[in-house]
Amino acid sequence: GIGVPLSYTEAAKWTRLAAEQWSDDAKVQLGTLYENGQGVPQSYADAIRWYLSAASQRHLIAQFHLGRMYDLGRGVSQSDEQAIRWYLLSAKQGFADSQYNLGNIYNRIKYDPEAVHNAIKWLLLAANQGHTWAQLNLSLIYQTNKNVQDFEQAFRWARLSAEGGYANAQFNLGQMYRQALGVAQD
């Protein structure tokens with residue numbers, strides 16, 4: 001640490017005091033400590049309890065964490081429906097990570113013809129905030145989904161993501177140049 005030794009135990013102690021006095025930021029941080037077992041015994045149930053307490057006060061990061069817990073099935077049964085519910089609350093407040101994850105859920109729902117359009121909608125919101133992973137995922141949708149295939153859009157989003165430093169996008173962009181997808185070939 002800077003000026004003090006690193007101590008997750010002390011962090012958890014002081015964060016709990018703030019959380020018990022209704023600091024929503026502290027509740028989220030305490031939830032994260034429980035989720036990761038830092039300074040407290042690892043407990044998804046306790047993490048969810050603290051996230052839920054802050055999320056009920058419209059804390060967008062807590063809502064994101066709850067969505068992720070349902071998305072991954074951590075301490076709860078995996079549920080796209082519940083993940084979407086919590087991600088939506090946060091995404092509608094402009095949180096790019098929730099928009100990205102929401103787009104990914106819709107992208108993996110293959111049985112709903114509207115799902116790809118919902119995926120694009122949410123990924124665009126995150127991508128327009130500079131979220132490089134969302135930019136690459138948009139590119140991949142435009143490359144591979146026959147219903148919305150558009151190689152120029154795929155190239156545009158891959159290039160933005162690559163210019164943002166995302167290595168997977170840089171590789172993908174190189175492949176697009178190699179295959180002349182969305183660009184003129186040399």
Say you draw a straight line from [atom1] of [X] to [atom2] of [Y]; how long is it, rounded to the nearest 0.5 Å?
X	Y	atom1	atom2	answer
Leu138	Arg156	CG	CZ	9.0 Å
Tyr87	Asp71	OH	CG	3.5 Å
Arg16	Leu33	CZ	CG	9.5 Å
Lys92	Leu125	NZ	CG	12.0 Å
Leu181	Tyr142	CG	OH	16.0 Å
Asn172	Met176	CG	CE	6.0 Å

Decide yes or no for [X] and [Y]: does some side-chain heavy atom of the first lie under 4.5 Å from some side-chain heavy atom of the second?
X	Y	answer
Ile48	Tyr34	no
Leu52	Trp86	yes
Ile105	Trp122	no
Ser53	Trp22	yes
Met69	Gln82	no
Leu124	Trp157	yes
Phe155	Leu173	yes

Residue pair Tyr51, Glu35: steps toward the side-chain hydrogen bond (donor to acceptor under 3.5 Å, both in side chains) verdict: CA-CA 10 Å; Tyr51 293 150; Glu35 184 178 352; 2.6 Å; yes
Answer yes or no: is there an ion pair linking [X] with [Y], defined by an N-O contact shorter than 4.0 Å?
X	Y	answer
Asp24	Lys27	yes
Glu81	Arg85	no
Asp80	Arg108	yes

Is there a path of hydrophobic side-chain contacts, each under 4.5 Å between heavy atoms, that joins [X] and [Y]?
X	Y	result
Trp14	Val28	no
Val76	Leu89	yes
Val4	Leu17	no
Leu60	Phe64	yes
Leu102	Phe95	yes

Over 12 non-hydrogen atoms of neighbours within 6.0 angstrom of CD in Gln38: yes
Distance-only polar pair, side chains of Asn36 and Tyr8, donor-acceptor under 3.5 Å: no
Gln78 (side chain) donor-acceptor with Leu72 (main chain) under 3.5 angstrom: no
Exam field: side chain Gln135 to backbone Ser161, donor-acceptor pair closer than 3.5 Å: yes
Parallel, tilted or perpendicular, as decided by the 30° and 60° cut-offs, for the rings of Tyr100 and His131: parallel
All ring pair (Phe, Tyr, Trp, His ring centres under 6.0 Å) counterparts of Tyr44, not counting sequence neighbours: none
Name of the residue among Leu136, Asn137, Leu140, Asn128 meeting side chain to side chain contact (heavy atoms under 4.5 Å, CB included) with Leu123: Asn137
